[in-house]
Amino acid sequence: MVNCWKNHPFYLWCEKYIPIYWNSGLSLDENIGQFTCIVNELIKFDKEMLEAYQEVIKEFNNLKNWLLNMDFQKFVNNKLDEMLSDGTLAGIIGTYTGFYINVLFPPNSLSPLKNDGITDNYTNLSNIIEYAKGLKEKVIFIFPSGNYLFSQQITFDLSCSIIGVNSKIIMNNENQVCWWLNGENILLKGFHFSTQANCLYISLSKYVEITNCIFETLAEIQGKYQYGITISHSSYINLHDCIINTPLPSGELTYMNNDAIHINGGSSFITIENISGHSGDDFIALNAAEPSTNPGTISNISIKNVNMMYNGSSARGVRFYGVGQSQSISNITFDNCNFSNTKVYEPFVCTNSPSLDGSSTVEKVFVNNIIISNCNFQSSVGNIRFSYATCNDIQINNPTSSNNTYIVAMRNSNVANIEIYNIVNNGIVNVDKESSLSRLYVEKGIFNDGIFMINNTSFINTVKLFNGEINNSYLTTNTSTGNINFFHMDDYVLKNITNNVIMYCTTTIVTLTNIYVEFDGYVISFPNNCELLIANNISLPSNKTNINSVLNVTGLKRCKGMLTIAKDLNGVEGDYYLFNDSGTIKYRIFTNGAWHVVNWT
């Protein structure tokens, strides 16, 4: 390229020939020499400019010929082959190989899609899919970056990979499902769905992977279902590393039907991992009663690292729903999930009722083998609720709850076994409305309020509390009217208590073992009936001697065992303890300065 500044004649003239001061003293030779030099420089500069111009024309003609003769499809295919061979493509779409179709440059003279967000792509993509179904190889659809508008449902009913590169899918028709997957060995990756309809429906499919996608519904339409992802009668589905937002526009629970992930009956072996977002209804719904024309069981669901972010409208974190054994739900595992919900309903609920209060039916939900680990619950009305449900074997590990409500609440339900490990909370269970719980096992618990509530002729067969601490708490609330058959507490510390530790409900057999008391109140009080108390190694601190502060047996019928005091029994008037003397229940009472043995009546 010619350097115009370097070859400017005036610049050279000024530099070489102009004197420091201009005057009329320049000779004619000096003027002629200067003029000659300037003319020569101008001729040279003009020649260089002509050569540069001819070079530009040449390059332009070469580019024109290249564009006119270019086979863009072949170029794209060669580039994809190059990316495949050097590993670049594998980093984008994984290790999947097959016949590539770029939807902007489809083969076989098919009409291309438009990624302008304005043109309807329904017909063109449908034609491309029909063409792909006739190929012998697995097809990989490539959607370059852009906005793709669809007016009607698109169905991928073939084995394929569908790859987007920051590709946005738009549908403004609320009466449709945007994309429908119906096949085996399908990969969906790299899309942002922004629709007024259901984003994605997976039906009658196997071995489907969905990753690195965003699913977003735009507005709640009254009477319409706007789900992020629906899975129905499908198995071996892997949903991971996605964001799903299906909120109500007003932030209020007006019409519901905005589930983020909705799993219908007939579905099994589903993995849901690394998912975040919020919903206007259930964030995860396991609904074995749907579709209504063909319900079925739901089993083997693994849910891990799910973060339901509260946005002012989410109703529940997880909901189980089914009617009868033919719609049972089993083998569900939750691990490291955060269900943050402080609006209206529970983060985790098992119910068969289509209504919100669980009052419209008395059928059962059968839920088995649920493991919930490292989950954070934030609800003001109960965190894991069973309504008209039957459930077996629930294990809850390391739960946290910012609102300190009951971890489990039951109404009109039957639960066989609940195991809770490492809990710091106000309460464990609220058993209400003629519910029954066969076994409650809690290990390593710290409680700051009522541990459980049993009301309205409800029943717990066995309660076992191991290795924990109770602070300023009671065992059951003063409104508890239910029954506990066997209650066992072992290796517990009672401290910082201003109120008595009271068992208000009716009990049959209570065993207390290795109980260390750090307060001047009752270890346990029985204002209602207790058939038999077995107490072993109940210890007061060394600075406390009042045995009467250890046990109040107003409602106790029988007692055996020994109360072991940490220092000598220097009795105080009215002190007593109970013991078993050759099969006869007696108690020692300190009166008139000495201990006296009195038969228990």
Side-chain angles (χ1 to χ4, degrees), residues 76-77 79-84 86-106 112-117 119 121-122 124-125 128-129 132 138-150 153-171 177-195 197-202 205 207-218 227-231 237-246 260-261 271-277 305-307:
V76 171
N77 291 342
K79 186 61 179 178
L80 289 173
D81 290 338
E82 177 186 336
M83 295 171 65
L84 179 63
D86 64 16
T88 303
L89 192 60
I92 299 175
I93 66 174
T95 57
Y96 298 90
T97 59
F99 187 86
Y100 291 86
I101 296 179
N102 186 326
V103 296
L104 298 183
F105 303 98
L113 272 62
K114 301 293 184 181
N115 57 352
D116 55 11
T119 306
N121 291 292
Y122 165 73
N124 290 351
L125 183 54
I128 293 173
I129 293 173
K138 180 177 179 179
V139 177
I140 300 175
F141 297 97
I142 305 296
F143 286 73
S145 179
N147 299 326
Y148 298 84
L149 176 67
F150 297 94
Q153 172 186 307
I154 293 294
T155 300
F156 291 88
D157 50 351
L158 74 165
S159 175
C160 62
S161 294
I162 312 165
I163 309 301
V165 183
N166 298 320
S167 308
K168 192 171 186 178
I169 306 301
I170 303 171
M171 174 177 276
V177 174
C178 186
W179 279 11
W180 193 297
L181 305 185
N182 184 359
E184 296 187 9
N185 298 308
I186 299 176
L187 168 67
L188 180 69
K189 180 178 181 180
F191 288 93
H192 179 180
F193 288 81
S194 181
T195 77
N198 295 305
C199 294
L200 183 68
Y201 200 106
I202 304 170
S205 299
Y207 308 109
V208 177
E209 180 181 2
I210 303 166
T211 182
N212 297 115
C213 290
I214 298 174
F215 300 91
E216 179 183 31
T217 57
L218 297 178
Y227 296 157
I229 299 175
T230 302
I231 302 172
I237 311 298
N238 185 6
L239 170 64
H240 63 95
D241 298 289
C242 293
I243 298 172
I244 307 175
N245 295 321
T246 57
I261 302 172
T271 299
I272 300 172
E273 186 171 358
N274 299 330
I275 306 296
S276 63
N305 299 331
V306 170
N307 181 22

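- In this structure, Tyr201 and Val177 approach most closely via the heavy-atom pair CB-CG1, 3.6 Å.
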- Task: Could you walk me through whether Ile202 and Ile210 pass the side chain to side chain contact (heavy atoms under 4.5 Å, CB included) test, one step at a time?
- Result: CA-CA 11 Å; Ile202 304 170; Ile210 303 166; 3.2 Å; yes
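- Using a 4.5 Å heavy-atom threshold, the side chains of Val165 and Pro144 count as separate.
- Side-chain contact between Asn115 and Ser145 is absent, with no heavy-atom pair separated by less than 4.5 Å.
- Considering only residues two or more places apart in sequence or on other chains, Phe193 meets the ring pair (Phe, Tyr, Trp, His ring centres under 6.0 Å) condition with Trp179, Phe215.
- Checking Thr211 against Glu209 by side-chain atom types alone, no donor-acceptor pair falls below 3.5 Å.
- For Thr195 (side chain) and Cys178 (main-chain N/O), no donor-acceptor pair under 3.5 Å exists by modelled atom type.
- Side-chain contact check for Leu125 versus Tyr148: every heavy-atom pair is 4.5 Å or farther apart.
- Interatomic distance, Ser161 OG to Ile186 CD1, rounded to the nearest 0.5 Å: 9.0 Å.
- At distances below 3.5 Å, at least one donor-acceptor pair connects side-chain atoms of Asn124 with backbone N or O atoms of Pro112.
- Nearest heavy atoms, Leu104 versus Leu113: CD2-O, 3.2 Å.
- Val208 and Gly183 make their closest contact through CG2-O, 4.4 Å (heavy atoms, listed as atom of the first residue, atom of the second, distance).
- Within the 4.5 Å cutoff, the side chain of Ile129 has no heavy atoms near those of the Val139 side chain.
- Judged by distance alone, the side chain of Ser167 and the main-chain N or O of Gly146 form no donor-acceptor pair under 3.5 Å.
- Two residues are said to be in side-chain contact when any heavy atoms from C-beta on lie closer than 4.5 Å; Ser276 and Asn305 fail this criterion.
- Shown are Ile237, Asn238, Leu239; of these, the side-chain contact (heavy atoms from CB on, under 4.5 Å) with Thr271 is made only by Asn238.
- With hydrogens and angles ignored, the 3.5 Å screen pairs a side-chain donor or acceptor of Ser159 with a backbone N or O of Asn185.
- Closest heavy-atom contact between Gly228 and Cys199: O-CB, 3.1 Å.
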- Message: Could you go through Phe156 and Leu188, starting from their C-alpha distance and side-chain angles, then the distance that decides it, and tell me whether this counts as side chain to side chain contact (heavy atoms under 4.5 Å, CB included)?
- Response: CA-CA 11 Å; Phe156 291 88; Leu188 180 69; over 6 Å; no
- Item | Worked check of side chain to side chain contact (heavy atoms under 4.5 Å, CB included) between Ile154 and Ile169 | CA-CA 11 Å; Ile154 293 294; Ile169 306 301; over 6 Å; no
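- A donor-acceptor pair is defined here as one N or O able to donate and one able to accept, closer than 3.5 Å; no such pair exists between the side chain of Thr119 and the backbone of Lys114.
- Annotation: side chain of Phe143 is in contact with side chain of Ile162 (closest heavy-atom distance under 4.5 Å).
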